[in-house]
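Order of listing sets the numbers, starting from 1, for every ligand and every atom in it.
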Amino acid sequence: MRSDLHVHSSASDGTDPPAEVMRRAALAGLDVVALTDHDTVAGLAEARTAAGPITLLPGMELSCRLDGRSLHMLAYLFDPDQPELAAELARIRDDRVLRARAMVDKLAGLGVDISWEQVAAIAGEAVVGRPHIARAMAASGAIASPREAFTRDWIADGGRAYVDRYALDPARAIGLVRAAGGVAVLAHPRAGRDTWVTDEQVTRLAATGLAGVEVFHPDQSEAERARLLALASDLSLVATGGSDDHGSLTGYRPGGETTPAEAYQDLLSRVPDCGKKGP
Ligand SMILES: [Zn+2]
Ligand SMILES: [Zn+2]
């Protein structure tokens with residue numbers, strides 16, 4: 001059984017609509033796919049309709065901040081209508097708009113001629129984010145390609161036009177997901193310097209009800225995977241994997257990383273009210 005527990009669609013910053021993501025997942029020979037868009041479940045209904053023989057694991061990737069650093073928390077099988085969780089999601093999404101507007105203002109101050117309306121038009125129905133601003137910047141001719149926006153000159157973390165955003169404390173995120181009947185998995189803790197999570201931080205999160213840690217991720221080295229596997233074993237966390245596919249942005253890679261079958265079953269067994277509900 002092949003399970004990719006981390007893919008994005010155009011409901012957040014992936015390039016393809018959920019139905020197309022599911023079609024590519026089928027072509028990649030996957031049995032289970034978790035759609036994990038950033039801070040939204042808006043793509044799940046379309047993905048479910050298009051799932052065909054694939055098991056769609058409903059998910060989301062929550063934006064968190066720990067000790068001043070950005071951290072991503074994958075969540076699965078929660079009830080998105082649980083009032084407290086729904087309120088936090090609305091707050092995160094509202095803040096994304098305020099923040100994108102503030103970045104557009106800062107860019108204007110730096111001589112970049114883009115408007116909020118252009119950015120909003122590019123984002124369309126998606127949760128607005130920096131990739132949409134980057135595309136507007138490239139369209140305006142300020143930079144040659146969207147990728148160039150992600151430097152300290154522009155909107156990379158800490159960049160001249162960067163604006164911080166509201167993010168959840170990860171322990172609170174874990175609590176919200178569990179209260180909504182789901183499980184939380186720490187996303188790519190060793191994928192990059194900006195989102196590095198230490199052993200000590202993972203240990204603290206494990207004590208607050210974290211179910212798993214993402215080990216098999218394209219941006220994590222073999223050495224870091226080995227360290228994370230040992231840590232997961234010590235802390236009784238499930239070691240998951242996923243491609244973090246973003247469509248053409250990441251060169252179409254669903255199934256490029258997967259969660260071992262036993263780990264997937266272990267994860268399902270940790271859903272608070274499993275038996276009542278499945279993927
Ligand atoms: Zn992430
Ligand atoms: Zn992701």
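- Annotation: Arg160, atom CZ; neighbour count of heavy atoms from other residues, nucleotides and ligands within 6.0 Å is above 12.
- Salt bridge annotation for Asp105-Arg101: absent, with no cationic side-chain nitrogen under 4.0 angstrom from a carboxylate oxygen.
- In summary, Arg96 and Asp39 engage in a salt bridge, as defined by a charged side-chain N under 4.0 Å from a carboxylate O.
- Within the 2.8 Å limit, His8 places at least one N, O or S atom next to the Zn ion (ligand 2).
- Between Met22 and Leu56 there is a side-chain heavy-atom pair separated by less than 4.5 Å.
- Inspection of the environment of the Zn ion (ligand 1) yields the following protein N, O or S atoms under 2.8 Å: Glu61 OE2, His72 ND1, His188 NE2.
- Under a 4.0 Å N-O distance rule, the pair Glu214/Arg225 does not qualify as a salt bridge.
- Of the charged side-chain nitrogens involved, none lies within less than 4.0 Å of a carboxylate oxygen, so that Arg23 and Asp16 do not count as a salt-bridged pair.
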